[in-house]
Amino acid sequence: MNYTVRDSTPGDCKDIMRLIVDLAEYEKMPNEVKLSHKELEADGFSSNPFFKCLVAEVPEEFKSKEGHTIVGYGFYFFTYCTWKGRVVYLEDLYVMPEFRGKGIGKALMSRIAQIGRAQGCVRMQFTVLDWNKPSLDFYSSQGALNLTATEGWQLLRFEGEALEKLAQNAN
């Protein structure tokens with residue numbers, strides 16, 4: 001399969017949002033997506049972007065059944081580990097179902113790893129839903145470690161009212 005992995009542009013944000021919604025549906029959380037392509041564009045392409053994104057694009061002759069040429073994305077940002085140093089965090093990796101098994105997901109993930117290494121990152125970190133066996137198997141086959149199994153880490157978050165209440169407790 002002929003495809004290109006490239007940095008996303010502001011003009012890709014509608015397609016990226018389409019793929020984000022597809023991923024949310026796959027993850028059985030379609031009502032959790034609250035962003036619009038305009039927020040994505042503002043947050044990713046300002047003078048101080050919050051994230052980076054790669055897209056996988058196929059030539060017009062290989063477009064999807066719906067007519068799309070952008071068929072996958074890898075969404076990432078940089079963070080820091082106080083024990084090890086620089087980290088690249090893979091927020092999302094998604095390839096449309098009809099384009100899976102063609103090396104696109106691996107190419108996106110490998111490119112993000114390459115970008116991370118060029119920035120001095122010592123690891124790439126991400127989360128996977130516990131029921132998503134195809135993804136868990138894929139990442140394991142690439143050498144990823146399941147930290148829940150080996151180290152017992154639990155993922156926690158504050159959001160909505162709990163986040164607001166916590167923020168109000170400052171000073």
Side-chain angles (χ1 to χ4, degrees), residues 1-30 32-81 85-129 132-146:
M1 161 78 39
N2 189 12
Y3 61 88
T4 302
V5 170
R6 62 173 175 79
D7 291 333
S8 62
T9 67
D12 296 323
C13 287
K14 285 184 181 178
D15 279 310
I16 295 166
M17 275 308 309
R18 171 182 53 81
L19 295 171
I20 288 171
V21 169
D22 286 353
L23 176 59
E25 288 172 0
Y26 174 76
E27 291 180 337
K28 304 173 187 167
M29 297 183 209
E32 292 297 314
V33 178
K34 306 297 183 199
L35 287 177
S36 73
H37 71 276
K38 290 179 181 180
E39 290 167 303
L40 204 60
E41 187 174 334
D43 289 342
F45 298 95
S46 65
S47 59
N48 188 22
F50 276 79
F51 67 86
K52 302 282 187 182
C53 186
L54 300 177
V55 294
E57 187 170 29
V58 297
E60 191 69 30
E61 64 266 21
F62 296 116
K63 66 185 174 188
S64 72
K65 291 178 255 180
E66 299 85 17
H68 303 296
T69 57
I70 293 181
V71 299
Y73 75 103
F75 203 96
Y76 66 99
F77 56 88
F78 297 99
T79 185
Y80 204 82
C81 171
R86 296 177 181 188
V87 176
V88 60
Y89 190 89
L90 178 62
E91 177 68 19
D92 288 348
L93 179 66
Y94 181 76
V95 176
M96 293 173 63
E98 66 190 274
F99 293 92
R100 292 180 189 158
K102 300 177 185 333
I104 296 172
K106 184 176 180 181
L108 286 162
M109 188 172 65
S110 295
R111 180 70 181 118
I112 292 169
Q114 183 182 53
I115 291 165
R117 292 299 296 141
Q119 291 293 320
C121 294
V122 296
R123 66 182 177 202
M124 180 165 65
Q125 203 154 308
F126 51 95
T127 59
V128 180
L129 290 165
N132 192 348
K133 186 156 173 37
S135 292
L136 287 166
D137 290 346
F138 170 70
Y139 295 130
S140 292
S141 76
Q142 302 304 307
L145 303 172
N146 183 337

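Please read all numbers here as calculations on a predicted model, not as lab measurements.
When all heavy atoms of A144 and F126 are compared, the closest pair comes out as CB-CZ, 3.9 Å. Between R86 and Y80 the shortest heavy-atom distance is N-CE1, 3.7 Å. Contact between I115 and F78 at its shortest, heavy atoms only, is CG2-CZ, 4.0 Å. Closest non-hydrogen pair, L108 versus G74, comes out as CD2-N, 4.0 Å. Across E98 and K102, no two heavy atoms sit closer than the pair O-CE, 3.7 Å. Contact between H68 and D15 at its shortest, heavy atoms only, is ND1-OD1, 3.9 Å.
Going from atom CG of L129 over to atom CD of E27 covers 5.0 Å, rounded to the nearest 0.5 Å.
Scanning for ring pair (Phe, Tyr, Trp, His ring centres under 6.0 Å) contacts around Y89 gives F77, with sequence neighbours left out.
Between the side chain of E39 and the backbone N or O of S36 there is at least one donor-acceptor pair closer than 3.5 Å. Looking only at distances, a side-chain donor or acceptor of S141 sits under 3.5 Å from a matching main-chain atom of F138.
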| request: Before giving the answer on side-chain hydrogen bond (donor to acceptor under 3.5 Å, both in side chains), spell out for R111 and Q114 the whole-Å C-alpha distance, their side-chain angles and the decisive distance to 0.1 Å. | output: CA-CA 5 Å; R111 180 70 181 118; Q114 183 182 53; 2.6 Å; yes
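Defined by atom type and a distance below 3.5 Å, a donor-acceptor pair is missing between the side-chain atoms of S140 and D137.
Each salt bridge (Lys or Arg N to Asp or Glu O under 4.0 Å) pair with one or both residues in residues 54-80, not counting sequence neighbours, appears once here: R6-E57, E60-K63.
Ring centroid separation for the pair Y94 and Y26 does not come in under the 6.0 Å cut-off.
Exactly one residue among I70, V95, V71 makes a side-chain contact (heavy atoms from CB on, under 4.5 Å) with L19. That residue is I70.
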